[in-house]
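Here is the structure we will look at, set down as structure tokens.
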Amino acid sequence: MSLSDHLGYLVQNQIPQLIDSMIKELLDAKPISPISFLHGILQRKQEVIAADAALFDFVPLGQRLPEVQTAWDMMTTSLSNVLFPNGVTLDAIQALRPQAAALDHADDTFLAKCVMQQLEIDNIKASVILPRMLSYDVALRKAQVWFPGGDAIDCSANAFTAACAKRALHTSSVIIVPADVSGAFDTAAAYPSGLDLLRIALSDDVVTRFRIDRTRVSLFHLTRPGAQVAGGQAVWDIVMAQMWPSMFPNSITPDAIRSFRPQVALMDRSPDDFLAKCVCDALDFDGPAFGAEAQRIKVSVFLPRRLSYDVGLRKAQVWFHGGAFIAGSAEAFKRSCGKRAVETGTVVFAPDLGTAPETSALNRIHNGEASLRFVLSDRVADRFRIDRTRVALSGEGSGGGAALGVCAALAQKSEAALVKVCVTDCAAVNNDFITVPEAGSEDLHKAFQRLVMDSAAYLITDNAVGFDWSGHSADPAVFPGLMAEALLPKLPPVALLTAEFDHFRRGNEMFAKRLKPHGNLIGMYIQPGCGHALGTPKAEQEKAQVHRRLFDLYL
């Protein structure tokens with residue numbers, strides 16, 4: 001190849017422009033370690049290109065292509081008429097179950113490469129699938145609690161043995177799945193919840209017997225409730241009605257809350273690898289000095305190591321954890337924080353807002369606002385070299401609602417410019433569980449809705465058993481999506497992320513419709529086939545790309 005061919009290749013791929021821009025950034029920053037600095041630039045550019053190439057456009061307020069929806073409706077109607085001609089009855093389900101194995105399209109050769117064993121602990125039966133290749137490894141093993149599918153009617157290992165073996169081999173993990181044929185119309189004892197199987201996976205007997213690493217156990221439901229056949233929503237409601245009583249058998253009492261709190265850390269399914277890629281720190285500050293109710297507020301800090309070689313100012317986000325209002329902490333979700341920091345290239349500050357009933361709805365907002373002001377203070381911003389003009393608020397679940405509540409409080413003071421962008425994920429923002437009748441396919445997970453309203457009531461009272469919502473159902477401190485109309489145009493740019501089967505999706509759509517006319521709604525992303533903080537590994541990768549794209553473009 002001639003010199004002109006070489007030069008042509010470089011020009012065609014815009015290499016001279018790339019080198020010029022890198023040299024300019026290098027000379028502007030004058031880092032201590034130029035090689036590490038240039039490596040960081042290339043890595044960030046690669047991430048931006050990957051994010052731009054991804055097909056993750058924001059869904060415009062639930063819009064669907066009419067012709068696709070029509071075709072899908074025809075197909076599902078025809079299918080449901082064949083499978084359930086007289087509705088989703090117990091007899092129809094029992095007749096369908098023997099056919100569930102036909103949905104397992106995995107090759108049987110995977111089975112020969114695994115060992116399957118049966119367990120029964122506390123009257124709960126489970127199957128354990130162990131790849132034979134791991135049996136020669138003395139190291140601790142990863143494990144997954146997995147519900148293969150079957151539209152909640154049959155999600156047993158019996159029906160999906162090849163799929164279970166395939167997953168075990170492809171992920172190099174021990175797979176734990178429900179044993180026997182069981183499903184939505186069986187007794188609660190026969191249909192274990194995800195937490196039931198998670199407890200089995202973490203029990204001393206199973207951990208010792210299968211050499212499982214307790215810090216690397218994840219929980220995946222792959223069922224898409226209500227997506228395949230008419231009546232699927234009714235089936236899923238029955239499943240939820242059985243699962244949640246196992247966690248809160250006597251409703252959400254103060255005693256039940258105390259028992260639930262230690263389990264919240266199990267919900268953080270992010271791998272430890274991201275924490276190793278961060279420099280982690282812990283701060284605390286005088287709450288009242290920054291306008292908070294709490295005397296001392298702890299803030300966990302996650303600084304991506306690759307940013308530590310950069311002498312320039314850094315982007316940051318103040319992230320509020322979830323936990324159904326009544327549980328959770330930055331420590332419980334530290335792996336998620338590390339993942340968020342690394343994937344978005346930001347310094348993540350995760351404060352402990354306080355949990356209900358000890359901390360009221362309004363005080364959670366005060367604590368959140370104080371945490372933001374603390375991060376913007378000279379003590380913190382100078383120490384971590386934070387660019388005060390590029391600070392975001394973000395949060396998941398109840399934490400996402402708190403983030404919007406803080407934005408509303410800032411808007412009241414005409415200080416919303418302190419936040420460059422607000423990004424919420426499956427956020428609890430609205431009171432639609434109270435105001436919308438429980439009827440129709442749009443009523444997502446009725447049993448879970450009642451659970452959420454019981455836990456939200458603790459933001460107002462010390463004992464929510466039998467709580468009367470009259471007089472509180474429009475409180476914007478509890479439901480920030482109901483903030484005054486005059487505040488909406490004063491909010492910073494907002495991005496709302498939710499999921500197709502998230503019980504908070506409808507409330508997010510309602511808030512998005514209010515916000516959109518004011519021009520500060522970046523978009524609403526509805527992740528297909530996923531539930532509230534619940535999806536497959538591929539779905540987690542898709543969401544990470546959306547986060548990356550958001551923070552690259554808007555922060």
Could you measure the distance from the [atom1] atom of [X] to the [atom2] atom of [Y]? Nearest 0.5 Å is fine.
X      : Y      : atom1 : atom2 : answer
Ile176 : Leu119 : CD1   : CG    : 7.5 Å
Cys337 : Phe302 : SG    : CZ    : 4.0 Å
Leu130 : Ser173 : CG    : OG    : 10.5 Å
Thr344 : Leu550 : OG1   : CG    : 10.5 Å
Asn430 : Arg505 : CG    : CZ    : 13.5 Å
Glu542 : His547 : CD    : NE2   : 13.0 Å

Does the [X] side chain pair with the main chain of [Y], one donor and one acceptor, at a distance under 3.5 Å?
X      : Y      : answer
Arg364 : Gly354 : yes
Ser135 : Arg132 : yes
Tyr458 : Ile252 : yes
Ser329 : Ala332 : yes

Just so I know, are the side chains of [X] and [Y] near enough to count as touching, which here means a heavy-atom distance under 4.5 Å?
X      : Y      : result
Asn508 : Met524 : yes
Val174 : Lys142 : no
Leu303 : Asp281 : no
Phe320 : Leu404 : no
Val318 : Pro351 : yes
Val342 : Cys278 : yes
Ile212 : Val206 : yes
Phe551 : Val423 : yes

Q: Please lay out, stage by stage, how Ile257 and Thr253 fare under the test side-chain contact (heavy atoms from CB on, under 4.5 Å).
A: CA-CA 6 Å; Ile257 291 175; Thr253 63; over 6 Å; no

Q | Residues Gln117, Arg209; criterion side-chain contact (heavy atoms from CB on, under 4.5 Å); working and verdict | A | CA-CA 11 Å; Gln117 298 185 28; Arg209 181 174 169 185; 2.7 Å; yes

Specify the closest pair of heavy atoms between [X] and [Y], including all atoms of both residues, with the distance to one decimal.
X      : Y      : result
Thr424 : Gly400 : CG2-O, 3.5 Å
Ala499 : Ile526 : C-CG2, 3.9 Å
Pro480 : Phe511 : O-CE1, 4.5 Å
Cys114 : Leu169 : SG-CG, 3.8 Å
Leu134 : Ser172 : CD1-O, 3.7 Å
Ser371 : Ile297 : OG-CG2, 3.9 Å

Q. In terms of heavy-atom contacts, does NZ of Lys334 have more than 12 from other residues, nucleotides or ligands at under 6.0 Å?
A. no

Going by distance alone, is a donor N or O of one side chain under 3.5 Å from an acceptor N or O of the other, for [X] and [Y]?
X      : Y      : value
Thr346 : Arg340 : no
Ser300 : Glu331 : no
Thr171 : Gln144 : yes

Is the closest basic N to carboxylate O distance between [X] and [Y] below 4.0 Å?
X      : Y      : value
Lys298 : Asp352 : no
Arg335 : Asp272 : yes
Lys543 : Asp425 : yes

Q: Determine, stepwise, if the pair Arg261 / Thr355 fulfils side chain to side chain donor-acceptor pair (under 3.5 Å).
A: CA-CA 10 Å; Arg261 283 177 176 171; Thr355 52; 3.2 Å; yes

Q: Would you check, one step at a time, whether the test side-chain contact (heavy atoms from CB on, under 4.5 Å) holds for Phe210 with Val128?
A: CA-CA 9 Å; Phe210 295 98; Val128 180; 3.7 Å; yes

Q: Determine the interplanar angle of the Trp469 and Phe467 rings, folded into 0 to 90°, and report it as parallel if under 30°, tilted if 30 to 60°, perpendicular if over 60°.
A: perpendicular

Q: Evaluate the ring planes of Phe333 and His321, with Trp represented by its six-membered ring, and classify them as parallel (under 30°), tilted (30 to 60°) or perpendicular (over 60°).
A: parallel

